Number of protein chains: 2
Amino acid sequence: MGAAMQKNDSETVFTLITPSAAIATERHGGRAKCLQRLIRLDMPVPPTVALDFDAVQAVATGQLPDLSSLLENMGADTLISVRPSSQDSDWGGPGAILNIGMSDKVHGALVKTHGKAAADALYLRFIQSYSTHVERLDPDAFASATNIAEALETYEDETDEAFPQDRAAQLAAVLRSMARAWQGTTARILREAKGAPADAGLGLVVQKMALGVGKGLCGSGVIQFVNGATGLREVRGRYLCKSQGRDALTEAGERDVMYLTRDERGRSIENVLPQNFADLLRFGDLCRTRLREEMQIEFTIENEQLFILDAVRVARSERANVQIAVALAEDGIITPDVAVCRIPPRVLAELLHSQVDPNDARDVIATGIAASPGAATGRIVFTARDAQASAAHDEDCILVRRETSPEDIRGMHAAKGVLTIRGGITSHAAVIARGLGLPCVVGAADVVISQRDASLTIADGRVFHAGDRITIDGAAGQALAGRVNMLPPELGDSFRTLLGWADAARDIGVRANADTPDDARKAIAFSAEGIGLCRTEHMFIDDDRLLALREMIFADHSDDRRAALDRILPMQRADFTELFRIMLGKPVCIRLLDPPLHEFLPHGRDGARELAEALALPISDVTRRIESLREYNPMLGMRGVRLGLTVPEIYDMQARAIFEATIEASKSGEAVVPEIMIPLISARREVEIVKTRIQAVAAAVRVETGADFSYRLGAMVETPRAALRAGDIAQHAEFLSFGTNDLTQMTYGLSRDDAGRFMGEYVRLGVYEEDPFHRLDNDGVGELLTIGADRGRATNANITLSICGEHGGNPESIAFCRNAGFDYVSCSPFRVPIARLAAAQLAIKERQGA
Amino acid sequence: MGAAMQKNDSETVFTLITPSAAIATERHGGRAKCLQRLIRLDMPVPPTVALDFDAVQAVATGQLPDLSSLLENMGADTLISVRPSSQDSDWGGPGAILNIGMSDKVHGALVKTHGKAAADALYLRFIQSYSTHVERLDPDAFASATNIAEALETYEDETDEAFPQDRAAQLAAVLRSMARAWQGTTARILREAKGAPADAGLGLVVQKMALGVGKGLCGSGVIQFVNGATGLREVRGRYLCKSQGRDALTEAGERDVMYLTRDERGRSIENVLPQNFADLLRFGDLCRTRLREEMQIEFTIENEQLFILDAVRVARSERANVQIAVALAEDGIITPDVAVCRIPPRVLAELLHSQVDPNDARDVIATGIAASPGAATGRIVFTARDAQASAAHDEDCILVRRETSPEDIRGMHAAKGVLTIRGGITSHAAVIARGLGLPCVVGAADVVISQRDASLTIADGRVFHAGDRITIDGAAGQALAGRVNMLPPELGDSFRTLLGWADAARDIGVRANADTPDDARKAIAFSAEGIGLCRTEHMFIDDDRLLALREMIFADHSDDRRAALDRILPMQRADFTELFRIMLGKPVCIRLLDPPLHEFLPHGRDGARELAEALALPISDVTRRIESLREYNPMLGMRGVRLGLTVPEIYDMQARAIFEATIEASKSGEAVVPEIMIPLISARREVEIVKTRIQAVAAAVRVETGADFSYRLGAMVETPRAALRAGDIAQHAEFLSFGTNDLTQMTYGLSRDDAGRFMGEYVRLGVYEEDPFHRLDNDGVGELLTIGADRGRATNANITLSICGEHGGNPESIAFCRNAGFDYVSCSPFRVPIARLAAAQLAIKERQGA
């Protein structure tokens with residue numbers, strides 16, 4: 001039973017922590033609970049009393065309980081400490097106050113038992129601590145005090161009162177001070193920023209001091225049994241002779257430091273106090289096996305007697321966190337499911353990219369949106385062409401653009417990092433960069449590009465030119481001058497083991513968005529279950545194909561269009577064959593051509609002239625055609641299936657390429673079942689018409705080749721109307737894939753290309769909680785997803801449902817899609833591990849009934 | 001009881017029409033039913049037998065019933081006629097066949113009773129008619145036959161058979177021929193175009209002939225008692241002595257014509273056959289009072305004996321239709337509700353045209369055929385797509401085409417007038433323009449179009465280019481240079497009376513979209529109940545204001561922006577004061593500035609240079625700012641409330657102008673309660689923030705002026721998200737107005753500017769049943785309207801709901817909004833009467849349980 005020490009209006013306010021006391025984290029805080037666990041494990045914890053949240057709250061409002069029974073429990077004339085015990089250690093709390101109970105009388109007694117130096121030090125330290133932290137007096141006034149008398153005098157000068165000599169009075173003041181500090185505005189803001197609720201409570205633990213000073217071997221320290229950077233097992237820590245609390249960690253200098261493990265100089269706990277050391281090892285092991293966590297133990301040795309004061313979770317890097325969790329599971333201490341749930345999915349991003357060494361100096365030259373993580377250094381180039389030229393010379397480059405367009409893609413491929421002046425988290429540059437795993441900063445609005453001078457002028461007036469070396473820190477959203485130290489990514493075995501467990505646990509599929517063989521290889525490397533979105537527009541950008549496509553655009557008759565496309569067909573077929581081979585029979589969902597045709601035409605007079613020469617047409621014809629294809633709102637224009645219906649030869653050619661590649665790839669490997677996805681659907685009949693034509697192409701290919709194959713046909717749901725009419729559309733679709741980028745644009749009436757200009761302001765004003773291109777808008781776009789899924793399934797119970805927008809890799813989106821009963825999510829290859837882990841955690845937590 | 005004359009498989013197939021026979025329009029057709037009504041009114045209708053739809057259907061498939069009992073009923077050796085009787089007379093049917101029963105024997109008898117000339121004429125005519133319409137022989141072969149023998153010989157030559165002499169055989173052939181004609185493809189397409197269902201049936205009426213030839217005074221004619229053009233009451237018609245059927249209407253020349261009413265020359269029915277004339281007047285009156293319609297009566301006088309053969313609804317202009325319905329109601333023959341329901345709302349468009357002021361100077365640039373009345377001014381466009389783009393930018397345009405084709409329909413919808421070089425009064429352009437109530441001149445053969453140069457060269461050598469302003473005078477068949485004075489349409493008393501009744505009947509409000517004092521005056525003239533949408537962007541286009549606005553755009557600080565806007569404030573205030581005064585205290589819903597700022601900046605180098613001079617800025621600054629405001633998808637960019645939140649000074653100024661104008665206008669007239677509408681809402685907080693600022697402006701104006709006023713604040717629902725989140729938004733909005741133009745764009749992901757290029761193809765392929773910008777998409781956009789309305793009301797039961805897109809004036813949209821419980825619709829002023837009438841019809845039909 002809990003040792004209730006005092007009742008106040010029938011409420012227990014003090015609880016002596018014993019193995020059976022009723023101590024709960026949500027009422028007494030994490031430290032109190034952890035101390036109870038240590039006590040249960042028979043560790044030598046000095047007597048400790050927990051003060052619950054309500055009691056501290058009462059103290060803050062002036063209702064101080066009677067402290068006499070508490071003090072009795074600590075023993076007469078002993079010193080005591082008070083430490084905070086909030087529910088989550090991340091939420092902070094006031095600093096510990098030690099040595100409460102020091103007074104002239106106790107000082108006199110300690111001189112006898114511990115010597116004058118120790119007694120003086122303890123008293124002086126307490127006066128300083130009490131004056132500054134409890135009475136809020138000027139710390140400088142006490143810092144200069146070198147002896148007790150001086151300090152006591154200063155106290156009296158400042159307060160017009162004598163320094164309190166009564167332990168109960170001291171404790172009361174300490175408790176009141178700590179309770180009130182918790183209520184302070186700054187403390188509140190800080191903890192709420194870490195996720196604490198507005199009514200988060202503070203508990204306090206009052207503990208009898210183990211002194212760490214005095215006669216015999218004394219001191220205090222911390223010890224842990226893993227490396228916080230790597231997560232590998234080794235004894236680490238710090239010990240300071242004749243010290244208290246966490247002095248060993250905070251006091252500078254090597255004075256009285258003692259090593260923990262055996263040291264050549266002989267000054268180590270292991271050498272000097274082998275029994276204490278053995279106990280510490282044993283206690284570390286107990287923590288690991290019984291608390292199921294790597295703990296840092298705070299201990300004091302008083303005259304060769306070991307006391308355990310506290311234990312906290314070892315601070316660690318994300319990499320170490322994975323290593324520790326996997327090791328605990330491999331040792332049978334936790335289950336693999338628990339290990340999987342211990343890793344926050346988002347932090348994997350950090351492990352999949354190089355990082356700027358946080359200890360290196362930073363000369364920040366531009367700040368924008370952290371659009372794609374990782375870090376890269378290279379020479380500035382201002383055009384995609386220069387980027388390719390750089391790559392051709394094995395010269396790393398950073399592509400700097402006002403913004404990027406599909407014409408820049410090859411340049412982005414060639415660059416090591418991207419910086420743009422405009423655009424938001426889902427701008428073209430950001431999306432492509434994430435897909436390529438390329439560090440990228442967008443919307444760096446504080447710099448000015450002069451394309452003419454090939455220069456970049458930054459806010460402080462400095463000018464950078466093409467060829468100057470800069471670094472992109474995609475995690476921080478910064479561009480830095482010059483080269484900086486990088487930390488390379490290391491996946492390691494533990495990472496792979498963890499994801500294997502995640503795959504075993506999860507119940508929603510994860511595919512990758514992949515357009516190129518490179519992407520597909522990454523998808524396989526990250527264990528994606530297939531390709532959920534293969535955009536085909538990139539396949540038309542090669543010089544040869546681009547000219548053929550442009551010829552098609554300029555053709556007046558279907559036959560001429562077909563002839564031009566026939567030249568692209570073998571290349572498309574080869575593209576798909578290679579993709580299918582890389583994907584080893586896993587599903588590949590290919591989106592038919594989506595962008596408006598004008599995106600494939602040159603910009604500017606020079607481009608038009610070149611094209612006129614290539615096509616042997618008068619330039620006036622070329623400019624007229626370009627002009628006639630211009631659109632006011634390309635996002636809402638003749639693209640996607642609208643192109644497919646009005647220039648049907650394109651989809652005919654693509655379908656043929658897919659089918660011929662299917663036959664080809666199936667010859668040498670597993671049977672391929674391609675998925676053909678029609679973009680920008682807004683009405684059932686669009687699917688119906690394309691389906692009919694594709695069936696005809698399939699029939700023709702079967703007859704011509706004598707080979708059989710299967711395929712699946714589906715619709716991309718990107719318009720609000722497609723979601724609303726999903727019931728109709730599902731009559732002709734075997735799958736529906738929600739393209740949340742465009743769906744978000746249309747639901748909000750918000751172009752992601754243009755939103756950058758005000759999105760920052762909008763999030764700042766709280767108009768949008770978060771950029772909806774970054775975090776799926778559950779309320780609006782999400783409702784359309786749910787409506788679409790429900791109606792699609794109502795028509796076709798076996799329909800495959802998925803999401804393939806940028807949101808596909810976000811844990812929140814995955815949770816949403818899983819709740820809506822989606823079959824899989826698809827995201828850029830680098831986000832696949834994050835998605836696998838997030839999906840696993842959702843499944844595990846649901847099974848646990850959380 | 002019905003006089004069933006024959007049963008075939010227990011089915012009545014022939015019914016002698018008697019007052020009590022079971023004759024139904026939906027089984028025997030309209031003509032049979034009308035004849036029964038005439039019989040019930042004791043008119044001298046010759047014996048008539050009705051053949052129902054099933055019977056005619058059976059005849060078509062070869063199941064000819066026994067005709068003997070029918071023929072007995074007609075009397076032995078009498079001549080008979082067969083006429084079609086479809087359910088709706090608009091659906092057409094085969095032509096009547098007269099004089100069935102003529103044979104050598106009957107001819108001989110008629111020679112004795114009616115004279116040889118009459119007998120010869122009847123027989124010859126029957127042979128010709130039977131040969132060409134029943135046997136489908138070459139009409140030319142019979143046209144040259146001048147006597148019976150020759151005609152009979154020709155028949156025998158062509159058919160190898162003697163001309164049938166048996167009346168029953170003749171009748172059987174006629175019935176079969178007419179039944180089959182109804183099944184023909186052309187007949188089917190024609191009637192389906194008029195709205196007939198695929199299984200529309202044909203009835204036939206067999207009637208004993210009154211001959212109209214022979215001894216004594218004989219002849220036939222038609223008479224009606226109103227003027228078909230004006231609807232005013234007067235006797236009109238035509239009578240031909242010695243004639244049959246509708247000869248009086250179709251035979252050329254004045255031979256044997258006799259006037260109906262008293263004529264100076266003495267040759268009129270009224271003079272010569274006063275009793276017959278008195279009976280005709282009496283029958284006309286009976287039709288009017290008992291059939292409750294103005295009917296045209298077809299009659300025959302045989303030897304001074306009057307027979308009534310048929311009566312049909314008088315063909316009439318739309319203007320006459322209104323006049324007739326109102327007169328019938330005013331005479332107590334029909335109720336005002338019935339009168340209201342008799343006028344198809346869309347045709348009012350025809351009555352609402354402006355005219356070119358006849359006193360204004362005319363610079364005629366083209367002369368053609370006056371194909372559709374009314375007058376309109378706009379900028380020349382040469383393609384349907386440009387017309388749609390113009391409309392999307394609220395720029396009036398005139399579509400100029402060599403000729404139009406179905407692909408141009410959407411462009412015609414978008415244009416204010418049409419001019420074609422080719423074509424006549426029934427050309428595509430003319431027909432469609434009349435249907436749309438669009439001024440149109442066709443066949444202006446004296447001008448030359450160059451599509452390539454986008455120019456129009458007129459007879460005197462002047463050249464007009466795309467973008468030049470011209471005027472179409474559809475009544476005069478002329479195109480005029482530039483803009484000319486217009487006279488507003490004259491509605492007339494009956495029109496006003498009808499709309500008064502409509503207003504009494506309807507239960508949904510009708511407001512007008514009006515931006516200018518001119519529009520507002522029209523709104524008042526058409527009895528709009530207020531302004532449902534007053535766009536304010538037009539108020540910034542004046543040179544003075546535009547420069548101030550541009551200064552604001554270029555200002556870097558809020559104070560500078562405010563200073564620039566302060567110069568616009570008095571002008572805005574004056575705009576609103578005038579609008580409020582014109583609207584006489586009726587509600588005016590003002591939309592805060594909506595378009596993106598770049599729409600107010602100049603295009604091209606010259607404009608930039610001028611602006612640089614005006615603002616005393618380097619041109620590079622001007623072009624850089626213009627460039628920085630450029631958007632990829634302006635429709636989805638920084639416009640509407642996004643502008644309002646990021647440049648809040650604009651809405652502040654507008655709110656102040658509105659409030660100050662409210663105070664000003666309320667001084668001299670009724671209290672004004674302005675409605676302030678925030679455009680492009682996608683989240684609740686947008687409304688909340690603007691609301692707070694506007695409240696602050698209102699408070700400031702109240703303090704400064706010491707005057708009090710009320711206003712209402714609401715949101716324009718144009719994004720799918722606003723509809724989905726209407727429940728949230730309604731927390732801060734007193735009204736929600738659905739902007740269906742933008743909502744349609746975003747729901748479909750379809751820009752109105754760009755859709756022109758493929759919309760024709762889409763409708764042709766049946767992808768969209770109809771252009772969703774033309775007819776509200778009930779399934780998709782409509783569902784969002786319903787969701788928005790339901791959720792808005794759930795939060796705020798008193799919220800005002802309305803629609804203010806282009807769809808607002810369409811009867812189908814009004815029906816939709818009424819069902820969804822909207823408070824009002826708002827449409828362009830000219831469509832207000834249409835909306836009032838359509839709304840009334842919906843309410844009346846609902847009350848009638850239809």
Side-chain angles (χ1 to χ4, degrees), chain A residues 402-403 422 448 596 620 624 628-629 631-643 645-646 680 682-686 688-689 718-725 728 742-743 745-755 757-758 761-762 765-769 772 777 779-781 783-784, chain B residues 385 389 392-393 452 596 624 627-629 631-643 645-646 680 682-686 688-689 718-725 728 742-743 745-755 757-758 761-762 765-768 772 777 779-781 783-784:
Chain A
R402 202 178 310 279
E403 61 216 316
R422 290 168 74 167
V448 177
S620 58
R624 197 179 315 121
S628 78
L629 287 175
E631 294 185 305
Y632 291 97
N633 295 285
M635 182 55 58
L636 308 176
M638 190 158 120
R639 44 176 286 245
V641 69
R642 294 163 192 165
L643 193 63
L645 292 190
T646 46
L680 207 70
S682 66
R684 193 207 70 219
R685 183 125 175 84
E686 290 169 325
E688 201 177 355
I689 293 172
E718 300 167 274
T719 67
R721 195 173 191 278
L724 293 169
R725 306 307 300 167
D728 286 356
D742 279 9
L743 191 58
Q745 298 197 82
M746 290 167 193
T747 304
Y748 276 88
L750 186 62
S751 151
R752 61 182 184 180
D753 296 308
D754 302 308
R757 198 159 335 121
F758 56 90
E761 182 77 355
Y762 252 52
L765 289 171
V767 178
Y768 301 156
E769 241 181 81
D777 160 44
D779 292 342
V781 179
E783 182 174 7
L784 288 175
Chain B
R385 201 179 124 209
H393 292 108
R452 171 179 292 194
R624 195 179 316 122
E627 176 58 24
S628 78
L629 286 175
E631 294 184 306
Y632 288 97
N633 295 285
M635 180 58 56
L636 307 177
M638 190 160 120
R639 44 176 286 244
V641 69
R642 294 162 193 167
L643 194 61
L645 292 190
T646 46
L680 207 69
S682 66
R684 195 207 67 217
R685 183 123 175 86
E686 291 170 324
E688 202 177 354
I689 293 173
E718 300 166 274
T719 67
R721 195 173 193 278
L724 294 169
R725 305 307 301 167
D728 286 356
D742 279 10
L743 191 58
Q745 298 197 82
M746 291 167 190
T747 305
Y748 276 88
L750 186 61
S751 152
R752 201 152 63 118
D753 299 307
D754 303 308
R757 199 163 331 124
F758 57 89
E761 182 77 354
Y762 252 53
L765 290 171
V767 178
Y768 300 157
D777 160 43
D779 291 342
V781 179
E783 183 174 9
L784 288 175

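Every chain is numbered from 1 and lettered A, B, ... according to where its sequence line falls, protein lines coming before strand lines. Bear in mind the structure is a predicted one, so any value in this text is a computation, not a measurement.
- With chain B as the partner, the residue from A:Arg684, A:Arg725, A:Glu718 showing the most heavy-atom pairs under 4.5 Å is A:Arg725.
- Residues B:Leu636 and A:Met635 are in side-chain contact: their nearest non-hydrogen atoms beyond the backbone lie under 4.5 Å apart.
- Top candidate by heavy-atom pairs under 4.5 Å with chain B, chosen from A:Val448, A:Leu743, A:Leu629, is A:Leu629.
- For the residue pair A:Tyr768/B:Ser682, the side-chain donor-acceptor check at 3.5 Å is satisfied.
- Remark: B:Tyr762 OH to A:Met638 CE distance equals 9.5 Å, nearest 0.5 Å.
- Both the backbone and the side chain of A:Leu750 come within contact range of chain B, judged by heavy atoms closer than 4.5 Å.
- Judged purely by atom type and a 3.5 angstrom limit, B:Arg685 uses its side chain to pair as donor or acceptor with the backbone of A:Leu765.
- Contacts with chain A were tallied for B:Ala392, B:Gly780, B:Ala723; B:Gly780 has the most, counting heavy-atom pairs under 4.5 Å.
- Separating the OH atom in B:Tyr748 from the CE atom in A:Met746 is a distance of 13.5 Å, to the nearest 0.5 Å.
- Your options are A:Ser620, A:Pro596, A:Pro634, and the one with the most heavy-atom pairs under 4.5 Å with chain B is A:Pro634.
- The parts of B:Glu686 that come within reach of chain A are both its backbone and its side chain, each placing non-hydrogen atoms under 4.5 angstrom from that chain.
- A:Ile689 has its side chain within reach of B:Val767: a pair of non-hydrogen atoms, C-beta onward, lies under 4.5 Å apart.
- By number of non-hydrogen pairs under 4.5 angstrom with chain B, the leading residue of A:Leu645, A:Leu680, A:Leu784, A:Thr646 is A:Leu645.
- Listed options A:Gly637, A:Ser628, A:Ala683 were ranked by heavy-atom pairs under 4.5 angstrom with chain B; first place goes to A:Ser628.
- One finds the CZ atom of B:Phe758 at 4.5 Å from the CZ atom of A:Arg642 (value rounded to the nearest 0.5 Å).
- With a 4.5 angstrom heavy-atom cutoff, A:Glu631 touches chain B via backbone and side-chain atoms both.
- Atom CD of B:Glu627 has more than 12 neighbouring heavy atoms from other residues, nucleotides or ligands inside a 6.0 Å radius.
- When heavy atoms are compared at a cutoff of 4.5 Å, A:Arg639 does not approach chain B at all.
- A:Asn633 places no side-chain N or O within donor-acceptor distance of the main-chain N or O of B:Ser751, the cut-off being under 3.5 Å.
- Taking chain B as the reference chain and counting heavy-atom pairs below 4.5 Å, the highest number among A:Leu643, A:Val781, A:Leu724, A:Asp728 is found for A:Leu724.
- Interface remark: B:Asp742 contributes no atoms to any contact with chain A (heavy atom separation under 4.5 Å).
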